[in-house]
Amino acid sequence: MFGPRRHLVISYRQRAALAHLVVEADKVVPTDSLIHSIWGETPPPTARGQVRACVSELRRSLNDLGVRTELIATERDGYRLRADQCSIDARMFEREVAEAMRFAHQEALDQALHRIASALEHWKVPAYPGVESAIVRAHAAKLERTLLNALEARTEWEMKLGLHQELVDELTEQAEQQPWHDNPRLRLLATLRRAGTRPETPRRT
């Protein structure tokens, strides 16, 4: 979101507030919603004042990175992250996956693969780490589902284009790294069969 090699070191409260603002970019997020994202059901009596201080500290931290302070606008009883002032990785990821799917529907698989590769460059794992807010976790889960769908679609397109060996190498690595997850293992077996190679079930630890 803030460019390459630019890392924002902030407190948990600031991370929770920023994550919520990013999820609802260009929408006014009421102060009460930010309070719930930060403290859940047990906010302190001074929560509203702490949110104001939190946003001020966040603006200062962003300013230290050279990010315009206008990024977070103060609205009536809330705050709004201005998407026109920044690039949001999650939005770019979702947009490029959608564009890849459109190319695939037009049978333009080379273009679809190119777009998927570009989308994956914007993927950050995990999404919104350490933030427990329900709205933020729901968006993170949505992004992860989009990622799985994108990876499965990419596998299908590469198989259609005859890129079997590249797939075998990639899926073998995924199956070894995620032995508890059936998707890479099953896709690897299907790819091996289509490639005319005798499949061997990857070991599960």
Side-chain angles (χ1 to χ4, degrees), residues 1-2 4 8 12 15-29 33-34 36-38 40 80-81 83 86-161 163-164 166-194 201-202 204-205:
M1 180 174 174
F2 306 112
L8 189 62
Y12 172 78
R15 287 202 315 274
L18 180 59
H20 192 148
L21 290 167
V22 168
V23 167
E24 299 202 83
D26 276 335
K27 297 178 182 178
V28 176
V29 178
S33 295
L34 290 177
H36 192 270
S37 283
I38 296 170
R80 177 173 59 91
L81 186 137
C86 64
S87 297
I88 298 175
D89 291 330
R91 286 194 172 185
M92 295 172 71
F93 169 71
E94 291 179 301
R95 182 172 63 248
E96 293 199 314
V97 169
E99 289 174 357
M101 298 299 181
R102 284 194 292 271
F103 279 126
H105 290 152
Q106 298 165 7
E107 298 297 325
L109 297 186
D110 285 326
Q111 290 171 289
L113 286 172
H114 176 75
R115 191 63 68 189
I116 279 288
S118 179
L120 293 175
E121 290 179 2
H122 298 296
W123 175 253
K124 300 293 183 293
V125 178
Y128 313 114
V131 178
E132 299 302 325
S133 161
I135 190 171
V136 173
R137 295 320 320 153
H139 191 244
K142 177 175 177 284
L143 289 173
E144 287 165 7
R145 289 193 299 272
T146 301
L147 173 66
L148 285 176
N149 291 337
L151 292 173
E152 290 175 359
R154 185 181 67 172
T155 297
E156 178 184 345
W157 301 338
E158 289 178 333
M159 289 173 71
K160 285 183 178 179
L161 291 173
L163 303 175
H164 297 96
E166 291 87 341
L167 269 173
V168 168
D169 294 342
E170 177 183 337
L171 292 173
T172 297
E173 182 178 355
Q174 288 182 19
E176 291 173 349
Q177 291 176 349
Q178 306 172 42
W180 61 89
H181 201 307
D182 281 336
N183 280 347
R185 182 175 59 88
L186 294 175
R187 284 187 289 153
L188 172 59
L189 294 175
T191 302
L192 289 169
R193 290 191 187 98
R194 185 171 294 191
T201 303
R204 304 177 78 170
T205 58

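Summarising the geometry of L21 relative to L81, their closest heavy-atom pair is O-CB, 3.7 Å, with the distance given to 0.1 Å. Of all heavy-atom pairs spanning A127 and L143, the tightest one is CB-CD1, 4.0 Å. Between F93 and T146 the shortest heavy-atom distance is CE2-CG2, 3.8 Å. Residues Y128 and A140 share a closest heavy-atom pair of CD1-CB, 4.0 Å.
Taking the side chain as every heavy atom from C-beta outward, Q111 and H114 never approach each other to under 4.5 Å. Contact annotation: the side chain of D26 approaches that of R80 to within less than 4.5 Å [non-hydrogen atoms, C-beta and beyond]. Residues K142 and E94 form a side-chain contact, since some pair of their non-hydrogen atoms from C-beta on lies under 4.5 Å apart. N149 is not listed as a side-chain neighbour of V97, based on a closest heavy-atom distance of 4.5 Å or more. A heavy-atom distance below 4.5 Å is found between the side chains of L120 and L151. Side-chain contact check for M159 versus T155: some heavy-atom pair is nearer than 4.5 Å. Considering only heavy atoms from C-beta on, H139 stays 4.5 Å or farther from V22 through its side chain.
Of the inter-residue distances, the one linking H122 atom NE2 with I88 atom CD1 reads 12.5 Å to the nearest 0.5 angstrom. From S118, atom OG reaches atom CD of E99 across 8.5 Å, with rounding to the nearest 0.5 Å. Distance check, rounded to the nearest 0.5 Å: CH2 of W157 to CD of E107 gives 11.0 Å. Between S133 atom OG and H20 atom NE2 the span is 6.0 Å, to the nearest 0.5 Å. Residue I116 holds its CD1 atom at 11.5 Å from CG of L109, rounded to the nearest 0.5 Å. We find the CG-CD distance between L147 and E144 to be 8.0 Å, quoted to the nearest 0.5 Å.
Distance alone, capped at 3.5 Å, places no donor-acceptor pair between the R115 side chain and the M101 backbone. In terms of modelled atom types and a separation under 3.5 Å, the side chain of R91 and the main chain of A25 share a donor-acceptor contact. Under a 3.5 Å cut-off, the side chain of R154 and the backbone N or O of L113 do not form any donor-acceptor pair.
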